Amino acid sequence: MTDLHRLSIREISEGLAAAKFSSRELTEHYLKRIAKIDPQVRSYVTVTNDVALAQADAADALRQAGQATALTGIPVAHKDIFCTQGIKTSAGSKMLDNFISPYDATVVAQGKNAGLVTLGKVNMDEFAMGSTSESSFYGATKNPWALDHVPGGSSGGSAAVVAADLAPFATGTDTGGSIRQPASFCGLTGLKPTYGRVSRYGIIAYASSLDQAGPMARSAEDCAYLMNVIASHDAKDSTSMDKAVEDYVANLNATTLKGLRIGIPKQYFNVAGLDAAVKARVEESLKKLEELGAVLVEIDLNMTESYVPTYYLIAPAEASSNLSRYDGVRYGYRAENPQDILDLYKRSRSEGFGAEVQRRILIGTYALSAGYYDAYYVKAQKVRRLIQQDFLKAFEQVDVIAAPTAPTTAYKIGASLDPVEMYLGDIYTIAVNLAGLPAISAPVGFDQDNLPVGLQLIGNYWSESQLLSVVHQYQQATDWHSKRAAIAEENA
Ligand code: GLN
């Protein structure tokens with residue numbers, strides 16, 4: 001079959017079960033596409049050909065033996081922030097360019113247990129800091145919809161591989177929008193679960209109180225399949241929640257749009273810098289949801305102006321602490337011919353980290369320093385709590401909250417936004433992480449340049465099922481999620 005890459009996860013699962021094709025054929029099909037098309041997209045840092053084929057054969061053998069699960073033999077791409085045993089795990093940094101992980105992240109191990117086949121590791125902003133994937137040591141990944149545009153970030157590689165049909169779905173991580181914003185920029189569906197729903201064990205840490213892993217795929221249904229694999233309680237992650245995991249696939253029709261109260265935050269639609277086409281597409285999608293039975297309720301989120309300053313204190317503060325382990329001694333890059341130990345630390349870190357990472361280390365170290373800790377870090381933590389309370393108050397009135405995922409569509413590669421401009425682009429996503437809430441981005445159309453626009457729906461704690469279900473209902477009635485970029489139509 002030449003069009004295996006066009007199948008949804010459910011269709012792949014059914015095809016494998018009916019022996020229409022084997023995991024080996026499917027995996028070879030994807031590897032062939034990667035070899036042919038990825039040189040244009042530049043989404044993979046590492047393609048694990050041999051591992052993938054061995055896993056595919058093992059999956060086919062399990063199926064023969066009658067021991068296959070719904071996902072046995074389906075290929076996946078992992079963001080290069082998940083530790084993969086025996087495979088380079090770079091986090092997009094020169095610092096870890098030589099790092100072969102000795103163990104698997106829980107998410108990766110769960111994928112293996114379910115029989116998923118690892119196609120490889122995909123590009124990202126260095127240490128997940130950024131919104132374009134351009135800060136990667138490996139260079140920029142291209143947006144499949146327009147190769148001179150960025151795929152978003154930091155999970156830009158995960159978005160690009162799915163949008164170009166170089167993997168049927170992918171894992172990502174989201175500290176301040178890194179699943180949702182690239183999903184939006186590449187016309188995909190991406191879910192950031194409640195903090196504590198998916199294990200952080202083996203994920204290279206950026207900001208530990210904000211980081212959360214989740215699925216990136218074409219549809220809510222495809223995301224639900226991956227959530228069924230990765231959601232868990234994990235004793236190896238002390239912030240993982242001991243709470244029963246739902247069957248996200250079985251629940252796809254559990255929420256009806258009839259009477260669903262969708263909150264529209266006044267403040268969100270008056271943000272300076274909200275692109276007119278983005279606003280129009282989001283409003284059209286809300287109209288559609290209304291037609292399908294939802295009730296739109298205007299709400300207030302009064303803390304909106306505090307999102308960016310609060311996040312850009314807390315995230316760098318935690319990052320500066322997390323990154324202190326890269327000292328040229330224990331992991332990764334080590335400077336040549338150090339004069340003494342201080343010179344070793346200094347040069348390893350100056351040469352191993354890129355500019356954006358160094359900027360965040362400086363901001364974070366400053367905010368945590370003795371003289372400024374109370375004025376900046378403690379203050380930011382207090383505002384963080386107010387932001388959370390603002391959301392909880394809103395959820396007394398509504399079931400979900402709607403917002404654009406990002407104020408714009410994908411930027412041009414090299415647009416060289418100054419850092420503050422780039423940080424302002426995170427306005428709609430970062431508060432969700434500060435509050436620990438789940439949120440989903442789904443495609444709702446295109447701007448005048450045919451670049452995708454995303455709608456974000458934010459839910460109350462542990463409402464992943466509901467969010468997936470709401471988007472699934474919307475996707476049953478619309479077809480934005482099945483549009484494909486021209487490059488995805490190319491055959492290998
Ligand atoms: N763009 C945001 C940042 O740079 C979010 C990144 C993320 O979610 N990893 O911090």
Side-chain angles (χ1 to χ4, degrees), residues 78-82 91-93 122-136 141 150-159 170-185 190-193 195 198 200 203-216 273 307-323 353-364 367 380 384 404-408 410-411 415 417-441 454 456 458:
H78 289 301
K79 184 176 182 180
D80 210 10
I81 199 165
F82 292 91
S93 183
V122 293
N123 204 17
M124 53 180 285
D125 279 302
E126 185 177 10
F127 286 103
M129 297 172 192
S131 308
T132 66
S133 298
E134 290 168 294
S135 74
S136 169
T141 291
V150 303
S154 66
S155 310
S158 309
T171 55
T173 61
D174 190 311
T175 302
S178 281
I179 287 176
R180 292 161 284 157
Q181 184 257 28
S184 170
F185 279 15
L191 173 72
K192 181 257 171 216
Y195 184 78
V198 176
R200 290 185 299 108
I203 297 174
I204 310 250
Y206 164 12
S208 307
S209 77
L210 304 163
D211 298 344
Q212 185 63 196
M216 300 175 71
Y307 294 171
V308 174
T310 306
Y311 174 87
Y312 277 100
L313 274 166
I314 290 175
E318 294 186 21
S320 72
S321 163
N322 275 324
L323 296 178
F353 289 136
E356 184 60 29
V357 172
Q358 294 195 28
R359 178 176 301 118
R360 307 238 182 153
I361 292 174
L362 287 174
I363 297 171
R384 178 181 191 172
T405 304
T408 66
Y411 315 111
L417 307 179
D418 78 61
V420 174
E421 251 181 285
M422 194 177 79
Y423 301 165
L424 287 171
D426 294 333
I427 175 110
Y428 295 120
T429 46
I430 51 189
V432 165
N433 301 71
L434 288 169
L437 293 166
I440 193 165
S441 178
Q456 180 179 211
I458 305 166

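Order of listing sets the numbers, starting from 1, for every ligand and every atom in it. Predicted, not measured: the structure shown is a model, and the values here were computed from it.
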Heavy-atom side-chain proximity of Ile430 to Val308 below 4.5 angstrom: yes

Non-hydrogen side-chain atoms of Val432 and Arg180 separated by less than 4.5 Å: yes

As an exercise, identify every atom of ligand 1 less than 4.0 angstrom from a heavy atom of [X].
X      : value
Ser131 : 1 (N)
Met129 : 4 (O)
Gly176 : 5 (C), 7 (C), 8 (O)
Tyr312 : 1 (N), 2 (C), 3 (C), 4 (O), 10 (O)
Ser154 : 9 (N)

Less than 3.5 Å between some nitrogen or oxygen of [X] and one of ligand 1, yes or no?
X      : answer
Tyr311 : yes
Gly177 : yes
Asp174 : no
Arg360 : yes

Partner of Arg359 under side-chain contact (heavy atoms from CB on, under 4.5 Å), chosen from Ile361, Ile363, Leu362: Ile363

Result of checking Met129, Glu126, Glu318 against Tyr206 for side-chain contact (heavy atoms from CB on, under 4.5 Å): Met129

Taking atom 6 (C) of ligand 1 as the reference point, the nearest protein heavy atom with its distance: Ser178 OG, 2.9 Å

[X] and ligand 1 - part of the residue with a heavy-atom distance under 4.0 Å:
X      : answer
Ala128 : both
Phe127 : neither
Asp426 : side chain
Tyr206 : side chain

Residues Lys79, Ser155; criterion side-chain hydrogen bond (donor to acceptor under 3.5 Å, both in side chains); working and verdict: CA-CA 7 Å; Lys79 184 176 182 180; Ser155 310; 2.9 Å; yes

Modelled atom types, side-chain donor and acceptor of Ser135 and Asp125, under 3.5 Å: yes

Ring geometry between Tyr312 and Tyr423 (parallel below 30°, tilted from 30 to 60°, perpendicular above 60°): parallel

Nearest-0.5 Å distance that lies between atom CD1 in Ile427 and atom OH in Tyr311: 13.0 Å

Criterion side-chain hydrogen bond (donor to acceptor under 3.5 Å, both in side chains) on Ser131 and Gln181, from CA distance to verdict: CA-CA 8 Å; Ser131 308; Gln181 184 257 28; 4.6 Å; no

